[in-house]
Q: 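The following block contains the structure, expressed as structure tokens.
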Amino acid sequence: MASTAVDVEDLLVRVKNGDDAELAAVAREVAALAEEGRLGEDDDDDGLLVPALLVRLDAAGSAEARVSVMAALRRLAGCVGSESKERLASIEALSSIVRSLSRRDVDERTEAIAVLLDLSDIPQVRQRIGRIKGCIVMLVTLRSAHESGTNDDADKLLHILSSNPQNVLLMAEAGYFRPLIHYLKEGSDMNKVLMATSISKMFLSEHMKSSLGEDGVIEPLVQMFKYGNLETKHSALGAIRNLSSSLQNAELLINSGITGSLLQLLFSVTSALMTLREPASAILAAITQSERILLYKDVAPQMLSLLNLSSPVIQLHLLRALISISGHKNARRARSKIRQNGGVQLLLPFLTEKNVEIKIAALNLTFHLSKDSSQELAEQFRETHLDILVKIISSPTSRDEKAAAVGILSNLPVTDKKITEILTRANLLPTLISLFEANITASVTPQRMRLLEGIAGVFTRFTVTWDKKLQSLAVGCGVVPCLIKLLTEGSVDAKSKAATSLAQLSQSTMALSKSKSPRWLCVPPSAESYCIVHSCQCTVKGTFCLVKAGAVNPLLRILEGEEREADIAVLEALATLMQDEIWENGSRVIEKASGIHALLRVAEAGDLSSQDKGIWMLERIFRLESHRERYGEIAQALLIDLAQKGDPSLKPMIGKILAHLELLQTQSSYF
């Protein structure tokens, strides 16, 4: 039986004039007719149905109508004439469909991708889709969406569109890198250069850099650099440079063996390769942030040998690379090797370098090299070099520059009296105190932290126990208030150094208090100046008294904190109040400041040296009956547990405490 003829005119009228509901209904009818093969090129002689549907697609107000229209267009694409197909493949038509990719309705997005996927068989469509603003970005977004069917179709469409290199670049900019990496691995030489160049110019977030590394971009780029022609090498280095700031990629690059090739390039005298030296040195500066570089023991000496053979830009990159290498936690051997190869002597001329960035880099590298070889460094530093550092500190230079200079001075051996004389003569101490006061209230930055740590380190030189004249000079200049502030405002390293200085000063208090005690008094001592620990009139300036300085409370607060690195320095300071002649008074002061809980915390959580010192103090504290009555019950469980499970060297002193608490006989084997 012959099928009923389709009234195209009626369909056109309803498409053009119907509301959204009518449009959806007629579109479904068109789709069904096309599916049945009853609506083809012969039925729509004038090819008006497709243009009419495209007009209504843009104007339709409901998602249901747009979904139905796109479904109809998808069915018609397979049966209409070439003119209608061309209309479907036009930029205007494709733009209308692409707009539906960003709408809220899931069905609409799914249908839009399905239409584009069906139309992608047409060569012109594949060329045009990438040119429609936002299309590739939306497809990449939908590819990652958790929508059944949508993400698979988006992935298929992106794969089809990736036959065009320009589309691949747009995908990469949207964060989808797999097609780009495919071109780098298997594309023509021209496309490889195109892809590498695009990576070099692209803004990449840290996440994007990591994603590229995980997806395998490093290996083909390294191969291009090693074996390509000059243009290929240049594009590959540009891409690697942009990727190398990611720590993850730095490790991948080191593992790829690129380090040796980069150094070989820097040593090369071939004129054609000169333009590659700057990016090569920049990559070295970036990848050395990974501690894996320490496995390559000859890298640092080779960089060092290149310093005086390079332009300022390359010098700066090399210095930054050496700073990264020598600054790693486990870089002691690397620093030693740099020093053995004349690193310090090579750097000293840079202290007066006019290029500020190079000068700061040289200072920072010298600082790192001074960390574990203070005596060796002191032997190479002449008075002129020390004067240069003091001048940097006292001049209006950057905080970074000052921090490096102060850091170097803080690492020089405090036992070197000649250095102390030179620095005293140069008026360093008042300069440092002024610098401290200008920075202690500044906003917290890594540079501020380093500066304060360095200042705290230099203060330990001026408070050494064997030079009371120097101690008096330091206290007279106002070093004690600075040390107290460091106990609350500084990093754990600065706190530790400040506590060391306070301990050194406090060790002199007993001798000073005896020498200053009068044989007879016309008037009784004032309550304000009388010290309950030293049983005499004490002052900060006169006897360097820890109690009068207000140091006890901030020292104990450090022990109560979570950071344990400053414990031993703090305990050494507090222990000066527990010396044989004054331990009873010192115990009472520490107890009054809630210090027994802090000491028990150290006994529980500190390292062995801190535990040893803390338990020594607790033994003296628990000699007093009032302390045993108040804290004995709190302490005994911890002490028994520590005696059973702790280091055996602690047992004798713990045994004494337990004996004080009458939990153990004095004849016990603990002793």
Side-chain angles (χ1 to χ4, degrees), residues 11-12 14-39 44 49-80 84-85 87-122 125-126 128-130 132-161 167 170-171 174-176:
L11 293 173
L12 275 169
R14 290 163 61 197
V15 167
K16 289 178 179 179
N17 300 323
D19 59 15
D20 279 357
E22 175 64 15
L23 176 61
V26 71
R28 285 194 291 271
E29 192 176 328
V30 169
L33 289 167
E35 190 79 33
E36 294 167 8
R38 295 174 59 199
L39 192 59
D44 184 16
L49 200 51
V50 167
L53 285 166
L54 286 169
V55 169
R56 289 308 307 272
L57 176 61
D58 248 353
S62 73
E64 182 189 3
R66 290 191 294 271
V67 169
S68 299
V69 169
M70 285 190 288
L73 288 169
R74 186 151 63 96
R75 301 298 186 278
L76 285 171
C79 56
V80 295
S84 291
K85 278 191 177 180
R87 283 182 180 276
L88 275 170
S90 69
I91 285 286
E92 294 77 14
L94 293 171
S95 297
S96 297
I97 297 166
V98 165
R99 274 191 281 276
S100 288
L101 293 175
S102 59
R103 298 190 196 274
R104 292 183 179 180
D105 188 82
V106 176
D107 291 337
E108 185 174 355
R109 294 198 295 269
T110 303
E111 192 59 49
I113 294 175
V115 176
L116 292 170
L117 196 55
D118 282 0
L119 291 175
S120 65
D121 289 340
I122 305 168
V125 170
R126 293 197 293 274
R128 291 167 184 167
I129 288 179
I132 298 171
K133 189 176 180 181
C135 178
I136 298 286
V137 174
M138 280 308 305
L139 287 171
V140 169
T141 303
L142 292 170
R143 176 186 172 274
S144 305
H146 299 290
E147 295 174 7
S148 179
T150 304
N151 48 5
D152 289 338
D153 281 353
D155 194 52
K156 288 175 188 174
L157 186 52
L158 286 167
H159 177 70
I160 291 166
L161 295 176
N167 288 342
L170 291 170
M171 292 175 202
Y176 177 43

Q: So, using salt bridge (Lys or Arg N to Asp or Glu O under 4.0 Å) as the criterion, who are the partners of Asp58 when residues are at least two apart?
A: Arg99

Q: Can you list the steps and then say if Val98 with Leu101 is a side-chain contact (heavy atoms from CB on, under 4.5 Å)?
A: CA-CA 5 Å; Val98 165; Leu101 293 175; 4.1 Å; yes

Q: Using the test side-chain contact (heavy atoms from CB on, under 4.5 Å), find all partners of Ala34 that sit at least two apart in sequence or belong to another chain.
A: Arg75, Leu76, Cys79

Q: Under the side-chain contact (heavy atoms from CB on, under 4.5 Å) rule, collect the residues that match up with Asp121, sequence neighbours excluded.
A: none

Q: Can you list the steps and then say if Ser120 with Leu157 is a side-chain contact (heavy atoms from CB on, under 4.5 Å)?
A: CA-CA 8 Å; Ser120 65; Leu157 186 52; 4.0 Å; yes

Q: Could you report the tightest heavy-atom contact between Ala52 and Leu12, atom names first, then the distance?
A: CB-CD2, 3.9 Å

Q: Does Glu29 have any side chain to side chain donor-acceptor pair (under 3.5 Å) partners at least two apart in sequence or in another chain, and if so, which?
A: Arg14

Q: Do you know the tightest heavy-atom contact between Val140 and Ala174?
A: CG1-O, 3.7 Å

Q: Applying side chain to side chain donor-acceptor pair (under 3.5 Å), can you list everything that pairs with Arg74, at least two apart in sequence or on another chain?
A: Glu111

Q: Going by side-chain contact (heavy atoms from CB on, under 4.5 Å), name the residues that satisfy it together with Ala27, two or more places apart in sequence or in a different chain.
A: Ser68, Val69, Ala72

Q: Could you list the residues that satisfy side-chain contact (heavy atoms from CB on, under 4.5 Å) with Leu94, not counting sequence neighbours?
A: Leu116, Leu119, Val125, Arg128, Ile129, Ile132

Q: If a pair satisfies salt bridge (charged side-chain N to carboxylate O under 4.0 Å, His left out) and one of its residues is in residues 62-73, list it, with sequence neighbours excluded.
A: Arg28-Glu64, Arg66-Glu108

Q: Grab the two heavy atoms, one from Ser100 and one from Arg109, that are nearest each other, plus how far apart they are.
A: O-CG, 3.6 Å

Q: Kindly compute the distance separating CZ (Arg56) from CD (Glu22), expressed to the nearest 0.5 Å.
A: 9.5 Å

Q: List in chain and number order the residues that pass side chain to side chain donor-acceptor pair (under 3.5 Å) with Asp152, two or more places apart in sequence or in another chain; answer none if no residue qualifies.
A: none

Q: Apply side-chain contact (heavy atoms from CB on, under 4.5 Å) to residues Arg126 and Ile160 and explain how you reach the verdict.
A: CA-CA 8 Å; Arg126 293 197 293 274; Ile160 291 166; 3.5 Å; yes

Q: Please enumerate all residues that pass side chain to side chain donor-acceptor pair (under 3.5 Å) together with Thr110, with sequence neighbours excluded.
A: Thr150

Q: Testing the basics here: between Met70 and Ile97, what is the closest heavy-atom pair and its distance to 0.1 Å?
A: SD-CG2, 4.2 Å

Q: What pair of heavy atoms forms the shortest contact from Met171 to Leu158, and how long is it?
A: CE-O, 3.2 Å

Q: First locate atom OG of Ser96, then atom CG of Leu53, and finally report the distance between them rounded to the nearest 0.5 Å.
A: 11.5 Å

Q: Determine the sole option in Leu170, Asp155, Leu139 for which the side-chain contact (heavy atoms from CB on, under 4.5 Å) test with Tyr176 is passed.
A: Asp155

Q: What's the separation between atom CD1 in Ile113 and atom CG in Asp118, rounded to the nearest 0.5 Å?
A: 12.0 Å

